[in-house]
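Each remark here refers to the structure printed beneath this line.
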2 protein chains.
Amino acid sequence: MNTAVNNTKNILLSKGITPTFQRIVIYEFLDQNRIHPNVDTIFAMMTKQIPTISRTTIYNTLNLFMEKNLVSGLSLNGNEMNFDINTHPHHHFYCTICKKITDIEITCPIGKNKLKNPSNHLIQEVHGYFKGICKDCLSAPSLDK
Amino acid sequence: MNTAVNNTKNILLSKGITPTFQRIVIYEFLDQNRIHPNVDTIFAMMTKQIPTISRTTIYNTLNLFMEKNLVSGLSLNGNEMNFDINTHPHHHFYCTICKKITDIEITCPIGKNKLKNPSNHLIQEVHGYFKGICKDCLSAPSLDK
DNA sequence: GTTATTGCAAAATATTTGCATTATA
DNA sequence: TATAATGCAAATATTTTGCAATAAC
């Protein structure tokens with residue numbers, strides 16, 4: 001008996017999601033690889049484990065996970081969604097050179113304190129992200145900055 | 001002599017942009033309508049003034065304006081870019097009901113104070129936005145929330 | 001008059017939809 | 001076995017590209 005899979009099954013069931021094989025594998029990939037992958041990356045990785053999986057199932061699953069607040073969607077570069085398993089509140093950093101998305105821990109969290117909301121809008125989600133050049137790309141000697 | 005157009009010409013020239021008729025009209029639309037429009041909205045409005053304008057020119061112009069830091073691109077819903085004339089730093093609110101994007105003035109600006117950057121990344125852009133239901137949609141009596 | 005810009009058509013990329021097959025409970 | 005999920009193919013949406021016609025200086 002696989003404990004990790006059973007744990008995932010319980011998480012999905014607790015959210016009212018039928019724990020199909022595909023959904024379990026996608027969930028575990030997101031949980032164990034915190035790289036904010038896009039659909040293409042998820043599809044490529046899933047194909048290794050489930051050769052017959054389709055992009056439609058990836059999209060179906062991610063949209064379902066978003067509805068059920070299991071994952072959140074990041075829209076950072078205007079042309080694709082990136083996916084993140086919801087845990088504690090944090091922001092993101094997008095490197096314009098290597099395109100990697102990394103987590104930024106929040107010291108002064110947007111929306112968490114001292115943020116006046118003079119607009120009377122109902123705020124349901126708070127998103128903060130930065131763009132720039134990550135430290136790895138900064139230290140790469142061959143790069144023009 | 002049109003003073004507003006001459007002013008726009010000077011702004012474009014100061015950024016090293018050849019002030020063509022199309023670019024001037026697009027710039028003035030963005031400047032006078034702070035509604036964070038997408039390409040479709042800009043195209044529809046431009047067509048009224050320049051019936052022969054093409055989507056390609058809209059894209060060319062917006063990409064050029066972004067390169068020259070005249071406008072910034074917002075990626076809020078994962079399926080399109082919205083455009084904003086760069087002025088003072090501010091955040092955005094995206095209403096999931098009416099899809100309007102409004103400005104949020106910054107009290108505790110993300111990236112402006114007390115934000116520790118333990119990552120040593122070079123931060124070039126700071127983006128903060130909220131999602132929820134705007135006050136107009138909240139007060140609309142016929143709506144399920 | 002030379003170079004840069006525009007605009008059409010086609011391509012590329014990302015996501016959704018219709019529907020028949022298959023899996024789940 | 002009834003219902004829900006999967007996966008293929010086609011459709012839709014957004015943005016980019018190649019290139020000939022046109023405009024800017």
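For clarity, every value in this text was computed on a predicted model and none was experimentally measured. Residue numbering restarts at 1 for every chain, and letters A, B, ... go by the order of the sequence lines.
One atom, CD1 of I17(A), and another, C1' of dA4(D), lie 14 Å apart when rounded to the nearest Å. Distance CZ (F43(B)) to P (dT15(D)): 14 Å, rounded to an integer number of Å. Rounded to a whole Å, the CG atom of N63(A) is 12 Å from the P atom of dT6(D). Atoms CG (L62(A)) and P (dA14(C)) sit 14 Å apart, rounded to a whole Å. Separating the CD1 atom of I50(B) from the P atom of dG7(C) is a distance of 7 Å, rounded to the nearest angstrom. Atom CZ of R55(B) and atom P of dT13(C) are 20 Å apart (whole Å).
For the pair R23(B) (side chain) and I17(B) (backbone), a donor-acceptor distance under 3.5 Å is absent. Not one N or O on the side chain of K99(A) forms a donor-acceptor pair closer than 3.5 Å with the backbone of Y94(A). A donor-acceptor pair under 3.5 Å is absent between the side-chain atoms of N33(B) and the main chain of I35(B), judged by distance alone. Proximity of a side-chain donor or acceptor of R55(B) to a complementary backbone N or O of F43(B) within less than 3.5 Å is not detected.
In terms of the side chain to side chain donor-acceptor pair (under 3.5 Å) criterion, N82(A) has no residue partners (sequence neighbours excluded). Taking E28(B) as the reference, T8(B) meet the side chain to side chain donor-acceptor pair (under 3.5 Å) condition, with sequence neighbours excluded. The side chain to side chain contact (heavy atoms under 4.5 Å, CB included) check on Q124(B) picks up T96(A), I133(A), L122(B), with sequence neighbours excluded. Qualifying side chain to side chain donor-acceptor pair (under 3.5 Å) partners for T41(A), counting only residues two or more places apart in sequence or in other chains: N38(A). Residues forming a salt bridge (Lys or Arg N to Asp or Glu O under 4.0 Å) with D136(A) (at least two apart in sequence, or on another chain): none.
A sub-4.0 Å separation between OP1 or OP2 of dA5(D) and a side-chain N or O of R23(A) is present. Under 4.0 angstrom from either OP1 or OP2 of dT16(C) there lies no side-chain N or O belonging to Y59(A). The shortest distance between the side-chain N/O atoms of T57(B) and the OP1/OP2 oxygens of dG7(C) is below 4.0 Å. Distances shown here put a side-chain N or O of T52(A) below 4.0 Å from the OP1 or OP2 atom of dG7(D).
Applying the ring-ring contact (aromatic ring centres under 6.0 Å, His included) test to residues at least two apart or on different chains, the pairs with a partner in residues 15-40 of chain B are H36(B)-H92(B). Within the structure, the salt bridge (Lys or Arg N to Asp or Glu O under 4.0 Å) test picks out no pair touching residues 2-20 of chain A (sequence neighbours left out).
Here the two rings, on H91(A) and Y129(A), have centers that are 6.0 Å apart or farther.
At its two ends the helix from dG1(C)-dC25(D) to dA25(C)-dT1(D) runs along axes set 40° apart, each axis drawn from five pairs and the angle rounded to 10°.
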Which pairs would a plain distance check flag for residues 60-67 of chain B, meaning a side-chain donor or acceptor within less than 3.5 Å of a matching protein atom at least two apart in sequence or in another chain?
unit_1	atom_1	unit_2	atom_2	d
N60(B)	ND2	T56(B)	O	3.4
T61(B)	OG1	T57(B)	O	2.7
N63(B)	ND2	Y59(B)	O	3.3

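Set against dC8(D), dT15(D), dT6(C), the side chain of T61(B) has dT6(C) as its closest nucleotide.
When every heavy atom of K135(B) is checked against every heavy atom of H121(A), the shortest pair comes out as N-ND1, 2.9 Å.
If you check residues 24-42 of chain B against DNA chain C, you find no residue with a heavy atom closer than 4.0 Å. Residues from residues 65-83 of chain B lying near DNA chain D, meaning a heavy-atom separation below 4.0 Å, are N79(B), E80(B), M81(B) in numerical order.
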Please produce a list of atom pairs where a protein N or O lies less than 3.5 Å from an N or O of nucleotides 17-25 of chain C.
unit_1	atom_1	unit_2	atom_2	d
dT17(C)	O4	T56(A)	OG1	3.4

